[in-house]
Structure formats: structure tokens, C-alpha cells
Amino acid sequence: MAFKPLVFSGVQPTGNLHLGNYLGAIKRFVEMQKTHDCIYCVVDLHAVTVWQDPAELKTQIREVTAAFLAAGIDPAAHIVFNQSQVAEHAELAWVFNCVARMGWLNRMTQFKEKAGKDRENASVGLFAYPTLMAADILVYRATHVPVGEDQKQHLELARDIAGKFNTDFAASIAANGHDPEDGFFPQPEPLTQGPAPRVMSLRDGTKKMSKSDPSDYSRIALADDADTIAQKIRKARTDPDALPSELEGLKGRAEAENLVTIFAALADRTKEDVLREYGGAQFSTFKPALADLAVATLSPVTGRMRDLMADPAHIDSVLKDGGARASAIARPVMDAVKDIVGFLR
Ligand code: TYM
């Protein structure tokens with residue numbers, strides 16, 4: 001494959017960053033830095049598909065940036081920026097709106113969930129959201145995308161869009177000097193094989209942990225203090241049985257499985273290993289151990305986030321620098337797209 005490996009991923013600045021975002025995405029962003037060039041984006045254009053208070057949006061963009069930096073993303077060695085600074089995302093999204101089919105977008109389960117019963121009243125942006133997501137990735141011709149499991153369907157759509165663009169414009173791609181074998185866009189690969197690709201709600205093991213769950217007790221927020229974290233874990237729903245000593249024994253016990261998954265992901269251990277230690281233990285023993293672990297792992301991150309938030313000018317300068325470096329990659333790609341599609345420039 002001729003495409004240079006490049007990682008891209010994004011997080012929406014819509015408040016309530018939680019343990020699912022951290023374990024399913026941000027923690028893995030940090031790890032990927034060791035092996036790949038990475039671009040991490042605060043996707044503010046995606047956030048406004050649902051109305052956001054303008055003053056709050058600014059704070060939330062800084063907060064996600066602070067979480068990236070506090071978790072260990074290095075904005076000098078890699079690229080951290082907010083999406084709206086790089087106009088090429090929206091520009092390529094328009095071309096992709098014309099490549100993607102209504103039928104493809106109609107199948108997106110996340111739109112159905114977010115729009116709910118009142119579809120007629122959802123923004124056009126919310127419906128077209130996945131084409132912008134495809135543009136985010138492909139405007140850098142990125143090849144690898146670490147995400148939680150809930151984003152898998154959107155990644156499949158991005159692959160379909162890349163494939164259809166390559167086919168629809170095959171002759172022009174070759175005429176413009178690109179390798180016709182590869183096509184112009186790569187097929188970006190979702191990386192969902194992390195330790196916790198789907199962290200579930202603490203109140204209901206069948207629902208994913210989510211920013212929009214009305215119950216605060218359903219999620220551990222990155223901004224929670226130690227007492228709140230401990231209290232939420234203590235109140236987490238479980239069943240009356242002791243923990244099993246093997247994975248098999250977690251079948252049909254969604255809440256127990258979720259807590260073991262969270263423990264393993266926080267401790268960088270396998271679930272098997274955690275069960276070897278805690279098999280036979282009651283939740284009255286396991287929950288305090290999990291609470292201690294969660295506090296010990298998250299509080300340094302939360303502390304650094306708070307320090308960073310005290311200096312918004314510094315965060316803004318990191319984003320500005322990242323935006324300029326992202327633009328330098330995206331601009332020539334967009335120029336090539338214009339040539340391929342047949343626009344004059
Ligand atoms: P967002 O902002 O909802 O979530 C950010 C990341 O967190 C992951 N995540 C979870 N992982 C495990 N368990 C959970 N309960 C959980 N909840 C959320 C998400 O899968 C995601 O990786 N559409 C994206 C943002 C986006 C994007 C992109 C991602 C826009 N453009 C391009 C990758 C590439 C979203 O709304 O993520």
C-alpha cells in the first residue's frame with residue numbers, strides 16, 4: 001500500500017468528557033503516538049450539529065484540548081487543533097455530500113438515535129455528520145483511526161465514500177498523475193481493538209456510557225473529584241453474586257463485566273488477570289479497589305487538566321499552531337481533489 005501510515009481521530013467538544021471517552025479513545029491516542037504520526041482534532045464543526053451555547057462552546061473546546069494534553073498527547077511531536085480552523089474539512093465534506101448516497105446515510109444508527117422521534121426537526125448537519133467525519137480523516141489521507149465501537153459504522157461509511165470517489169473519478173485520478181491502482185484516497189481502518197472499546201453506563205450495563213445520559217451517576221466524568229468517583233462506583237448497579245475467576249463466568253452479567261473491563265483498562269491488565277486476583281470476591285471488596293484505582297489513575301489527569309484550563313491563552317496558542325500545521329497538510333490534498341473533480345483554481 002502506497003499510503004503513508006497516519007493516525008487521525010477526533011472528539012466532540014460537547015461537555016461531560018467521561019471514562020468511556022478516556023479509555024475508548026484518548027488513552028489510545030496517547031499510545032499511538034509511540035508508533036505513528038498522529039493528528040488529533042477537537043471537532044467543533046460536529047458539535048454544532050446540535051445547538052451549542054457560543055460562550056460555553058469555547059470553554060469546551062479548550063477543555064477537550066486540555067484533556068488531550070493532560071493525558072499525555074504531545075502537541076509538538078504530533079498535531080492538536082480544532083476543526084473549524086481548517087476550512088478544508090468543510091470543503092471536502094461538500095464534495096463527499098455529492099459522492100455519498102442518501103440511502104447510505106439513512107442507515108446510520110447514530111443519526112436515528114440522536115434525532116429520535118422528531119426527525120423532521122433535526123438539523124441537516126446532523127444527518128450529513130458522517131460525510132464531514134469522512135472528510136476529517138481523508139483530507140489528511142489518514143490510514144488509521146482509533147475510535148470506540150460506536151463509531152465503527154461511520155468508519156465503514158468513510159471507507160465506502162473513499163472507494164466511490166476513487167471509482168467515480170478513476171480516469172481523472174490517473175490523468176492527474178496519481179497511481180490508478182491505489183486510487184486517490186486510502187481506505188481508513190478503524191482501530192477499535194483497545195481494552196475498552198465500549199464502556200457501559202454504570203446504571204445500566206446494556207447502554208453505553210454517554211455524554212447525553214440524563215443520569216450523572218451513569219458516567220464518571222473526567223472532571224469528577226475523588227469523592228464523586230468513589231461514590232459513583234459504590235452506587236454502580238451490580239448483581240448479588242461474587243466475581244467469577246474466569247471470563248466465561250461474566251456471560252450474561254453485563255454490569256459485572258463492565259466493571260471488570262474498566263478495572264483492566266485502567267490498570268493496563270487483562271480481564272483474565274483481574275479475575276485471577278478477584279475471582280470469588282464480593283462487590284463490597286471489588287468496588288472499593290476499583291474506586292481507588294480509578295482515583296489514582298484519573299486524578300493526575302484531572303489535576304493537569306485544571307492547571308491547563310487556568311491558562312487559556314496557552315491552550316489557544318497550541319490550537320493555533322496545530323491548525324497551521326494541519327492546514328499545510330490539508331491544502332495540497334484539497335487542491336488535488338479540485339483538479340480531480342474538475343474545478344478551476
Ligand atoms: P465522541 O466525541 O462522541 O467520542 C469521542 C471518542 O470516544 C469514544 N467513546 C467511547 N468509547 C468507549 N466507550 C464509550 N462509552 C464511549 N463513548 C464514546 C468514541 O467512540 C470516540 O472515539 N463522531 C465522533 C468524533 C469524530 C471523529 C472524526 C472520530 C468526528 N470526526 C474523525 C474519528 C475520526 C464522535 O462523536 O465522538
Side-chain angles (χ1 to χ4, degrees), residues 6-30 32 38-50 52 60-61 63-65 67-68 71 81-84 86 89-90 92-93 96 108-111 113-114 125-126 128-159 161-162 188-213 218-222 254 257-258 261-262 265-266 326 330:
L6 176 65
V7 166
F8 180 95
S9 199
V11 175
Q12 289 200 65
T14 42
N16 281 335
L17 268 185
H18 54 71
L19 191 63
N21 300 128
Y22 180 70
L23 294 176
I26 299 173
K27 189 169 191 275
R28 304 192 47 232
F29 297 178
V30 176
M32 302 282 320
C38 304
I39 303 178
Y40 295 128
C41 185
V42 184
V43 291
D44 48 11
L45 297 177
H46 278 97
V48 299
T49 54
V50 174
Q52 303 292 326
Q60 285 165 183
I61 293 168
E63 216 160 71
V64 174
T65 312
F68 283 177
F81 73 108
N82 59 308
Q83 189 184 23
S84 60
V86 180
H89 288 245
L92 183 59
F96 285 174
M108 295 294 114
T109 54
Q110 204 153 74
F111 172 74
E113 278 164 27
K114 286 200 177 166
L126 190 67
Y129 181 114
T131 62
L132 177 59
M133 185 162 157
D136 297 340
I137 300 162
L138 293 170
V139 83
Y140 303 99
R141 301 211 280 176
T143 54
H144 295 85
V145 187
V147 279
E149 214 157 83
D150 61 334
Q151 296 300 317
K152 238 175 153 168
Q153 194 185 32
H154 290 158
L155 258 292
E156 274 158 30
L157 187 92
R159 293 166 67 89
I161 290 175
E189 222 183 286
L191 303 176
T192 52
Q193 307 84 338
R198 193 169 168 79
V199 176
M200 309 309 279
S201 155
L202 298 181
R203 306 300 301 161
D204 178 351
T206 63
K207 277 189 1 200
K208 71 168 187 187
M209 187 177 284
S210 135
K211 289 172 185 170
S212 54
D213 194 311
S218 68
R219 65 185 158 258
I220 292 174
L222 283 192
E257 180 169 18
N258 189 38
T261 302
I262 292 172
L266 282 170

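Counting starts at 1 for both ligands and their atoms, in listed order.
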Checklist entry - Do the side chain of Glu149 and the main chain of Arg198 share a donor and acceptor less than 3.5 angstrom apart? => result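 The answer is no, because no donor-acceptor pair under 3.5 Å joins these two groups.
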Checklist entry - Between the side chain of Asp44 and the main-chain N/O of Asn82, is any donor-acceptor distance below 3.5 Å? => result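 No: the side chain of Asp44 does not pair with the backbone of Asn82.
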Item to check | side-chain hydrogen bond (donor to acceptor under 3.5 Å, both in side chains): pairs with one or both residues in residues 12-28, sequence neighbours excluded | outcome: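 The answer is Gln12-Tyr129, Thr14-Lys211, His18-Asn21, Lys27-Asp268.
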Checklist entry - For ligand 1, what is the set of protein residues having any non-hydrogen atom at a distance below 4.0 Å? => result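 Lining ligand 1 at under 4.0 Å, by heavy atoms, one finds Phe8, Ser9, Gly10, Val11, Gln12, His18, Gly20, Asn21, Gly24, Ala25, Val43, His46, Tyr129, Met133, Asp136, Ile137, Val145, Val147, Gly148, Asp150, Gln151, Ala196, Pro197, Arg198, Val199, Met209, Lys211.
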Checklist entry - According to the interplanar angle, ranging from 0 to 90°, do the rings of His89 and Phe8 count as parallel (below 30°), tilted (30 to 60°) or perpendicular (above 60°)? => result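 Rings of His89 and Phe8: tilted, 30 to 60°.
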Next on the checklist: Check this for me: Lys152, atom NZ, are more than 12 non-hydrogen atoms of other residues, nucleotides or ligands nearer than 6.0 Å?
Outcome noted: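 No.
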Item to check | Arg219 vs Asp213, salt bridge (charged side-chain N to carboxylate O under 4.0 Å, His left out): CA-CA, chis, key distance, verdict | outcome: CA-CA 8 Å; Arg219 65 185 158 258; Asp213 194 311; 5.2 Å; no
